[in-house]
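A short worksheet on the structure shown next.
When reading the values below, keep in mind they use all heavy atoms of this one structure, side chains included, and skip hydrogens, waters and symmetry mates. Just so it is clear: chains get the letters A, B, ... in the order the sequence lines come, proteins before strands, and each one is counted from 1.
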Amino acid sequence: MTTSGNGQIRDFGDRSYKVLGTRPIRHDGVDKVTGRAVYGADVQLPGLLYGQVLRSPHAHARIRSIDTSKAAALPGVRSVVTGADLPTPVATDEMIDLGEGPARIKYLRDNVLATDKALYRGHAVAAVAATSLHVAEEALSLIEIDYEVLPPAVDVLTSMKPDAPQIHDGMTTHVFGEDTGKQSNIAAQMRDELGDVEAGFAQASLTAETEVHTATVHQGYIEPHNGTAQWSQDGSLTIWTSTQGAFTAQKQIAAILGLAVGRVRVIPTEIGGGFGGKIPSYVEPAAAMLSKKTGQPVKIVMTRADTFEGTGPTPGSCVRVKIGVDAAGKLIAGQAWIAFESGAYPGCPVGAAAMCVFACYDFPNALVDSFDVVVNKPRSFAYRAPGSTHVAFAVEKVMDELAVKLGKDPVQFRLDNIAVEGTRRSDGVVYPRIGAKECLEVVRDSEHYKSALEGPNRGRGVALGYWFNVGLKSSVTASVNTDGTVQLVEGSTDIGGTRTSIAMQFAETLGLAASDINPSVGDTSTVGYTDVTGGSRVTYATGWAAYEAAQDVKAQMVVRAALVWEIDADQVEYEDGSFRTKDGSKRIGFKELAGKIDDTGGPVVGQGSVDPAAGVGGSFSANIADIEVDPDTGKVGILRFTAVQDAGKAIHPSYVEGQMQGGSVQGIGWGLNEEYSYTDEGRMANSTFLDYRIPTCLDLPMIETIIVEVPNPGHPYGVRGVGEASIAPPPAALSAAIKNAVGVDLVELPMRPDRIFTALSASNPTSVAAG
Amino acid sequence: MPTVWVPAPWRDKLTGGAAQVEVSGETVRQVIEALEAEYPGFRQRIIDAEQDRVRADIAVSVDGEISAEGLRRKVSAASEVHFLPAMSGG
């Protein structure tokens, strides 16, 4: 175990590096801290118009008519668009691949501007472009819409009932893609089955079960959505936007507008957080249509309320889990029933939840039923390890209960049943080398877990979570400068410091310093296709592309060295930043040789493009949470919190720690504070950060981190990806800690003070009343 | 021969309840064609005929790895093939 920076590192690998594992200053740091970095709202163009979006005040309503004439006549208004201005998809079931999953074009389009029905409060129905923001706002008030208000269904169990309001006319349930023909708000259902769960439970000597409910929560990025569009007279379209994937935005916008992909250029600005919520496009198509109509560029920037009410939160859910163990305390059967609110349109991550629910442990028999249910809320989208946090809350509670009943330490009980290389998940897939066991061993052996926690109303909880991580496509281009530095253009939006983590992998490969590399994020016209920044994939896949680009540069520079020495290239080799002849008679450094590239053939440009077909390494995260409950208010104070995560090789440990801490804080928000509060009419009542409580530094101790490095054999440098798994276990760890502190078992997120106080009052009315 | 893990919702309809079946094939496409020959109904559930590719909402896993190569992905006699819901991350 080594200690550096904010946390500790436990390395299970056997390779040493010069650049990887160090903590260089981030390349974009100065611009970020001095305010020079350009975000979407900063974009200014000649003749820029300001766009505003009118949103439905109703959770569920049929749109009878829209009259924009008064708005269009307001001085300063240049154009008004509605859903009728967007092309109608040729086929209503046409799908596009957003890199991390498919989406139906019609649903994307209808979510951008509603046509026949408004499906949630905040659903965009019209947009205005004007010479000033205030004129545009005033124009919105002049748009007259005749709504037929319909009853809403805003929670998953209500919406699943046969007599629930039908949200989409004619929607039928599909079972793994097969249409059942049964009309329902259940858009899809799936079953995973491993072994014989009935026989497993029949053999169980002990079982435990729970039903939990999780709230709708938002990704909570600080920067609201934005987009600026310029539709040129030649029919091409340029978009500046805050997005997790320029190419994914390009595909969506082109599909929604009926354009060829090559006619759309997307320039990603700096991004103020995404967490999955900035994969979909919201305002860009409307801005584009307004630009097309006016011939001027149009910028739309959402307000915070727009962002809460009109963009993708994570699904609320109901999860039921039952687990059985045999007489030896080994897991023998697990059953789960998982229903997710997809929001207004189908396509939520319940499938991933089903694959995660039993992923941490070795279950010989498992049965998982999952349901994708539409409700009158914003269309849910990915949020950091989508689906995993919901199910970890349920499973880990049951694991704790079983440990208590068995009289076992909760960490040891988990270790007794932990998934390892060769374990078959409930969806049937067999694990490669993984680090779940190592994470729990690090927890067990940590100073935190061994330390005593004393005092009334205090408790400790542990929990474990999982996320798959993905590979996907990435591209990098590297141009060697004559001073030996390298311009590195990569296609991944930099959300968490990935410019630097990618540059470090490039530098390591060539034996250069990270500071010799000048990384930048390209757009759809300046770099090769690259999938979204998501799925914990960028340091893994784009880093791999950088490795390939460095190999390409190395090969070209070997040829240049051979030209300089007037020998064959096969007589030259490269080691540790220098080229040398194989007989050792000559040597030249990378930088010195770079000064000769103009005389030896001109530019040296390397490139790397990858689409890893194998080698993606999943990641596990474990928490230790110490809390104290105020019995007078039910408020939970976090005394100490440790996050342990398997990172594979931690390229830049500070950024890995940042991901672990950030994910943990978001998970703590799910656990204690965050939720969409809805009125009976389906109106969000807390669409500001004042009322939607994300944890702040005043609510938290420093999140301690222990990076576990179990190298991923499927990556040149052992990278797994670390962006997501850390959000999964915190609610479960907090729940266990609360139960251990005051004896109440909460099954609904968030575990708000009033819920804890109510539970305390019910369990021990005398002591609570006495204070 | 490669072993195909049949998705639970398809077992009763396509394979008489069998959770795993063995069929011949050196690529995912050949495996699906072999499945179709023996258990009709697989092809339409997996392949987008218009695009001649695996349907967008389905992911193919070969030996534990989600394959981007789709129908062209090579399989060996010892391979396990799974058809899973396509999923997304954040």
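Scanning both residues, Arg55(B) and Phe176(A), for their nearest heavy atoms gives NH2-O, 4.4 Å. Closest approach of Glu193(A) to Arg11(B), counting heavy atoms only: O-NH2, 3.2 Å. Considering every non-hydrogen atom in both Asp427(A) and His82(B), the closest pair reads O-ND1, 3.8 Å. Residues Gly64(B) and Val429(A) come closest through the heavy atom pair CA-CG1, 3.5 Å.
For CD of Glu26(B), the number of neighbouring non-hydrogen atoms (other residues, nucleotides, ligands) closer than 6.0 Å is 12 at most. Other residues, nucleotides and ligands place no more than 12 heavy atoms under 6.0 Å from the CD atom of Glu198(A).
Contacts between Leu194(A) and chain B at a heavy-atom distance below 4.5 Å involve the side chain alone, from C-beta outward. With a 4.5 Å cut-off on non-hydrogen atoms, Arg425(A) does not touch chain B at all.
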Checklist entry - Which is it for Trp10(B) and Arg191(A) under the side-chain contact (heavy atoms from CB on, under 4.5 Å) test, yes or no, and what are the steps along the way? => result CA-CA 10 Å; Trp10(B) 299 351; Arg191(A) 166 169 283 194; over 6 Å; no
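Within the 4.5 Å cutoff, no side-chain heavy atoms of Glu178(A) are placed close to those of Pro9(B). Proximity of Val616(A) to Ile66(B): side-chain heavy atoms (C-beta onward) are nowhere separated by under 4.5 Å. Looking at Val430(A) and Glu80(B), their side chains come closer than 4.5 Å, going by heavy atoms from C-beta outward.
To the nearest 0.5 angstrom, Met355(A) atom CE is 4.5 Å from Leu84(B) atom CG.
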